[in-house]
Amino acid sequence: MAGKLSPSVMCADLLNLSSEIEKLDRLGVEYLHIDFMDNKFVPNITFDTNMVKCMKKPMKNIRRDIHIMAFEPEQFFDKMDIGEGDMVSVHLEACNDAHAVLKDIKDRGADPCLAISPDTPVDSVLDYLDEVKAILLMTVYPGFAGQPMAPKSMERLSALKKLIVKSGKDIEIEVDGHVSWDHCSEMREKGADIFVAGSSSVYGKDYELEEAVRKFYGLVE
Ligand code: DX5
Ligand code: ZN
């Protein structure tokens, strides 16, 4: 199966979001990566819950891939209208009870995913493999686009893939942060399934969006 693309909407043309989402939908892109930040878990704010909710409106086939970089993420689920078709990542480092939060996401009909930041040991996810659709491996320190890759990210990706294969469970790996033109093929080889593409690739200055999307799929097939 080919790699899936999840362009990071915080890197898109924020003054033309609806047409940006429609363009990606027409191009057959699987996900729209929506970074939600609380200015506490990470020192930044991107979209409010109403914007996250509204981004669903122009969507036909593309799905919301909501990455919640916030403490007690469950407090936002209602306002974001989390439901069928959504993929929702919450940070292990930000949950009081990640088991309960992942169950809440599942009970709403969405796909639960667990995100870990670069300093969190990969084997921290072992307790949750029965409860997730995917693991979101942060390959930058969360909070900002345009950062360099965090140290040991490729080794961590290989270790995570090995741990999931050993578990025998059908769990995808999403990589998020500096998924650049130079890195995405190697990430695919090391086991990444879903690629958050931001300023270092699809929303970079080198290509028009349509050409960038086509190029990306060619690199991660
Ligand atoms: C960082 C965000 C990423 C970021 C990716 O916290 O989660 O989605 O926008 O963009 P680049 O490719 O610039 O790292
Ligand atoms: Zn993200």
Side-chain angles (χ1 to χ4, degrees), residues 3-14 17 20-21 24 29-49 51-52 55 62-71 73 76 80 82 86-95 105 110-120 132-151 153-154 156-157 172-188 192-207 209 212-213 215-216 219-220:
K4 298 173 190 169
L5 196 48
S6 188
S8 178
V9 73
M10 72 184 269
C11 304
D13 175 358
L14 298 181
L17 272 191
E20 289 281 296
I21 294 170
L24 290 170
V29 169
E30 290 83 3
Y31 295 104
L32 180 75
H33 189 82
I34 305 169
D35 289 308
F36 176 85
M37 303 176 185
D38 66 355
N39 205 30
K40 296 189 191 95
F41 179 67
V42 293
N44 195 7
I45 293 181
T46 45
F47 308 102
D48 71 355
T49 51
M51 274 297 281
V52 177
M55 285 188 211
I62 195 168
R63 296 168 56 191
R64 291 190 300 178
D65 165 23
I66 304 169
H67 175 195
I68 304 179
M69 288 166 268
F71 288 112
F76 303 111
M80 290 179 175
I82 301 287
D86 290 327
M87 186 161 80
V88 181
S89 295
V90 292
H91 272 265
L92 178 59
E93 306 90 350
C95 294
I105 296 168
D111 288 339
C113 305
L114 192 61
I116 51 171
S117 296
D119 292 339
T120 301
V132 296
K133 165 98 175 35
I135 298 290
L136 174 61
L137 182 73
M138 289 306 294
T139 43
V140 293
Y141 285 91
F144 298 91
Q147 300 179 89
M149 183 171 275
S153 289
M154 290 298 189
R156 285 168 54 84
L157 173 54
E172 294 183 299
I173 297 175
E174 180 172 15
V175 284
D176 182 359
H178 202 79
V179 182
S180 64
W181 296 122
D182 304 341
H183 290 124
C184 59
S185 297
E186 186 185 352
M187 287 170 148
R188 181 68 180 147
D193 303 290
I194 305 168
F195 299 82
V196 176
S199 65
S200 46
S201 59
V202 162
Y203 284 118
K205 56 194 181 322
D206 306 330
Y207 302 94
L209 183 63
V213 167
K215 176 181 170 71
F216 205 101
L219 289 169
V220 297

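As the structure lists them, so they are numbered: ligands from 1, and atoms in each ligand from 1. Every heavy atom of this structure was used, including side-chain atoms; hydrogens, water molecules and symmetry mates were not.
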Under 3.5 Å donor-acceptor, [X] side chain and [Y] backbone:
| X | Y | answer |
| --- | --- | --- |
| R156 | T139 | no |
| D38 | K40 | yes |
| S180 | S201 | no |
| R64 | V52 | yes |

Can you list, by chain and residue number, the protein N, O or S atoms under 2.8 Å from the Zn ion (ligand 2)?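 Protein N/O/S atoms under 2.8 Å of the Zn ion (ligand 2): H33 NE2, D35 OD1, H67 ND1, D176 OD2.
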
Under a 4.0 angstrom heavy-atom cut-off, which atoms of ligand 1 come close to [X]?
| X | value |
| --- | --- |
| H33 | 8 (O) |
| P142 | 6 (O) |
| G146 | 11 (P), 13 (O), 14 (O) |
| V196 | 8 (O) |
| M10 | 9 (O) |
| H67 | 7 (O) |

How far is [atom] from its nearest protein heavy atom, and which residue and atom is that?
| atom | result |
| --- | --- |
| atom 13 (O) of ligand 1 | S199 OG, 2.3 Å |
| atom 3 (C) of ligand 1 | D176 OD1, 2.9 Å |
| atom 12 (O) of ligand 1 | S200 OG, 2.7 Å |
| atom 14 (O) of ligand 1 | H178 N, 2.8 Å |

Parallel under 30°, tilted from 30 to 60°, perpendicular over 60°: which one fits the rings of Y207 and W181?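 The rings of Y207 and W181 stand perpendicular, inter-plane angle above 60°.
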
Ignoring hydrogens and angles, state whether a donor on the side chain of S8 or D35 is under 3.5 Å from an acceptor on the partner side chain.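 Checked: S8/D35 side chains pair up, N/O donor to acceptor below 3.5 Å.
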
Indicate whether the side chain of D65 and that of S6 have a donor and an acceptor atom separated by less than 3.5 Å.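 There is such a pair (donor and acceptor under 3.5 Å, judged by atom type) between the side chains of D65 and S6.
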
When you measure from atom 2 (C) of ligand 1 to each heavy atom in D65, V140, D35, V42, which option holds the nearest one?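 Checking each option, the heavy atom nearest atom 2 (C) of ligand 1 is found in D35.
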
Of S8, G143, G198, G177, which has the heavy atom at the shortest distance from atom 9 (O) of ligand 1?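 Residue with the shortest heavy-atom distance to the ligand atom: S8.
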
Can you find a heavy atom in the side chain of M55 that is under 4.5 Å from one in the side chain of L17?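 Yes; the side chains approach each other to less than 4.5 Å.
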
Could you check if a side-chain atom of L114 sits within less than 4.5 angstrom of a side-chain atom of L136, using non-hydrogen atoms only?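 Not in contact.
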
Show, in sequence, the C-alpha distance, side-chain angles and deciding distance for R63 and E30, and conclude whether the salt bridge (Lys or Arg N to Asp or Glu O under 4.0 Å) test is met. CA-CA 6 Å; R63 296 168 56 191; E30 290 83 3; over 6 Å; no

Ligand 1 versus F144, non-hydrogen atoms closer than 4.0 Å: side chain, backbone, both, neither?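 The backbone, only.
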
Salt bridge between E174 and K4, side-chain N to carboxylate O under 4.0 Å?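 Looking at K4 together with E174, the answer is no, because their closest N to O distance does not fall below 4.0 Å.
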
Do H67 and F36 have ring centroids that are under 6.0 Å from one another?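 Judged by ring-centre distance (under 6.0 Å), F36 and H67 do not meet the cut-off.
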
